[in-house]
Amino acid sequence: MMKFSERQGFKNFNDFIQTDSMDDSLRNSIWNTILTVYYSKHIHNCVKTIAYHFRKTPLDELPYEDYAKREWLKKYFFGLNWYEVYDLIEFLVTHHNLIIEEKYSSKTRQQCEMWNYILERDNSGYRFIGESLAPISSPVEISEVNKTLELTTKYRLKGPFDHITTAIEHLSKKPEPDFRNSIKESISAIESIAKIISNEDSQGLSGALKILDEKVNIHGALKTSFLNLYGYTSDEGGIRHSLLEQSKVTYDEAKFMLVSCSAFLNYLIAKSVEAKVL
């Protein structure tokens with residue numbers, strides 16, 4: 001919610017989405033969140049884990065007292081480049097259970113939700129999708145991709161899960177995302193699920209979808225639209241061909257493919273479960 005002074009125009013409201021920088025307000029909020037989550041009970045494990053696995057500095061040089069550990073971490077944190085701060089946030093999310101010593105805790109997802117609230121509040125251009133930070137998307141888009149990660153995990157669809165996860169990683173790579181390979185991985189996830197469901201390995205997406213259609217009755221227009229998308233990634237100037245000149249692939253195209261392929265994956269999984277194929 002905007003403050004009174006901002007609503008009345010007495011103070012400029014910063015509504016600029018920060019994608020290639022980080023202002024003091026955002027950085028301070030991130031630091032305060034780290035402090036709130038870890039200082040009272042887990043500062044020792046937090047600093048030790050960061051030193052060991054992230055910063056990779058000698059453990060015997062760490063300070064002894066908790067307040068000194070906090071100052072060690074604070075000095076390091078405020079010396080990081082803006083994109084290194086996001087690296088640290090991702091690290092803390094993926095290592096959260098290790099830090100709090102709850103091996104089978106389900107708090108990782110809660111951490112992602114907490115960070116997304118902070119990042120949205122302070123106008124960051126990034127949000128967690130799964131356990132990776134990616135350029136900002138709408139809540140619907142984030143929900144669609146997260147649903148894919150949940151469904152592919154639930155039904156042990158390792159190939160599609162790996163492809164979508166890698167697509168997210170390429171899209172969120174800092175400081176320079178890899179849009180070409182993100183699109184390649186997104187469409188590869190569709191190929192993978194089609195082949196798993198139809199047991200088809202030789203005729204590509206077209207052949208696999210034909211067999212799949214006989215089992216789960218895919219709408220013709222929907223099938224055609226995804227075959228067209230596949231054609232976009234495979235034509236002479238497309239993503240999969242090694243070109244002497246780099247193809248002009250943008251963030252918008254890569255995000256569209258990630259969200260669209262995730263939605264299609266969710267649809268195929270749902271239809272396959274309904275037809276008792278999975």
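None of these values were measured; they are calculated from a predicted model.
- Here the two rings, on His96 and Phe91, have centers that are 6.0 Å apart or farther.
- Closest of all the heavy-atom pairs between Leu171 and Pro177 is O-CB, 3.4 Å.
- Taking the side chain as every heavy atom from C-beta outward, Met22 and Val85 approach each other to under 4.5 Å.
- The backbone N or O of Leu149 sits less than 3.5 Å from a side-chain atom of Thr152, completing a donor-acceptor pair.
- The main-chain N or O of Asp162 is found under 3.5 Å from a side-chain atom of Thr166 such that the two form a donor-acceptor pair.
- Judged purely by atom type and a 3.5 angstrom limit, Ser182 uses its side chain to pair as donor or acceptor with the backbone of Ala167.
- Shown here for Gln111 and Tyr38, the closest heavy-atom pair between the two residues is OE1-OH, 4.1 Å.
- In this structure, Arg109 pairs ionically with Glu113, as a charged nitrogen and a carboxylate oxygen lie closer than 4.0 Å.
- Annotation: side chain of Pro135 is in contact with side chain of Tyr126 (closest heavy-atom distance under 4.5 Å).
- Leu35 and Tyr67 fall within the same hydrophobic cluster, where Ile, Leu, Val, Met, Phe, Trp and Tyr residues are linked whenever their side-chain heavy atoms come under 4.5 Å apart, directly or through other members.
- Looking at every heavy atom in both residues, Ile218 comes nearest to Tyr267 through CA-OH, 4.0 Å.
- Judged by distance alone, with hydrogens and angles left aside, the side-chain atoms of Asp178 form no donor-acceptor pair with the main-chain N or O of His170 at under 3.5 Å.
- Between Phe179 and Glu253, the closest side-chain pair of non-hydrogen atoms is not below 4.5 Å.
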- Message: Before you tell me yes or no, could you show the steps for Ile193 and Phe264 under side chain to side chain contact (heavy atoms under 4.5 Å, CB included), namely the whole-Å CA-CA distance, both residues' side-chain angles and the distance that decides it to 0.1 Å?
- Response: CA-CA 10 Å; Ile193 187 65; Phe264 191 48; over 6 Å; no
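- Under the 4.5 Å side-chain criterion, counting only non-hydrogen atoms from C-beta, Leu151 is not in contact with Phe161.
- The line from OH of Tyr251 to CG of Leu258 is 9.0 Å long, rounded to the nearest 0.5 Å.
- Side chains of Leu88 and Glu90 form no contact here, defined as non-hydrogen atoms less than 4.5 Å apart.
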- Item | Verdict with reasoning, Lys147 to Leu265, per side chain to side chain contact (heavy atoms under 4.5 Å, CB included) | CA-CA 10 Å; Lys147 183 178 179 181; Leu265 271 169; over 6 Å; no
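- Crowding of Lys48 atom NZ: a count of heavy atoms from other residues, nucleotides or ligands under 6.0 Å not exceeding 12.
- No path of Ile, Leu, Val, Met, Phe, Trp and Tyr side chains, each step under 4.5 Å between heavy atoms, connects Val140 with Phe256, placing them in separate hydrophobic clusters.
- Across Asn146 and Gly130, no two heavy atoms sit closer than the pair OD1-N, 2.7 Å.
- Nearest approach of Ala51 to Trp72, heavy atoms of both residues: CB-CH2, 3.9 Å.
- Taking 4.5 Å as the limit, every side-chain heavy atom of Thr57 sits out of range of all side-chain heavy atoms of Tyr52.
- When only modelled atom types and interatomic distance are considered, Tyr86 and Ser124 share a side-chain donor-acceptor pair under 3.5 Å.
- The backbone N or O of Ala189 sits nowhere less than 3.5 Å from a side-chain atom of Ser192 that would complete a donor-acceptor pair.
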- Task: Apply side chain to side chain contact (heavy atoms under 4.5 Å, CB included) to the pair Glu144 and Glu141, showing each step before the final yes or no.
- Result: CA-CA 5 Å; Glu144 201 68 61; Glu141 291 171 334; 5.7 Å; no
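- Residues Thr49 and Phe54 are not in side-chain contact: their nearest non-hydrogen atoms beyond the backbone lie 4.5 Å or more apart.
- Nearest heavy-atom pair across Asn45 and Ile99 is ND2-O, 3.1 Å.
- The backbone N or O of Phe77 sits less than 3.5 Å from a side-chain atom of Arg27, completing a donor-acceptor pair.
- Cation-pi contact between Lys69 and Tyr64: present, with separation from the ring centre below 6.0 Å and deviation from the ring axis of at most 45°.
- Side-chain atoms of Asp23 come within 3.5 Å of backbone atoms of Ser25 as a donor-acceptor pair (strictly under, hydrogens ignored).
- In this structure the side chain of Asp122 never reaches within 4.5 angstrom of the side chain of Asn28, judged on heavy atoms.
- Annotation: Tyr117, atom OH; neighbour count of heavy atoms from other residues, nucleotides and ligands within 6.0 Å does not exceed 12.
- In terms of modelled atom types and a separation under 3.5 Å, the side chain of Glu185 and the main chain of Thr165 share no donor-acceptor contact.
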- Task: Please step through side chain to side chain contact (heavy atoms under 4.5 Å, CB included) for the pair Leu133 and Arg127, ending with a clear verdict.
- Result: CA-CA 5 Å; Leu133 283 166; Arg127 300 288 188 275; 5.7 Å; no
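- Note that the CD1 atom of Ile100 and the NE2 atom of His95 stand 13.5 Å from one another [nearest 0.5 Å].
- The neighbour count for His219 NE2, taken as heavy atoms of other residues, nucleotides or ligands under 6.0 Å away, does not exceed 12.
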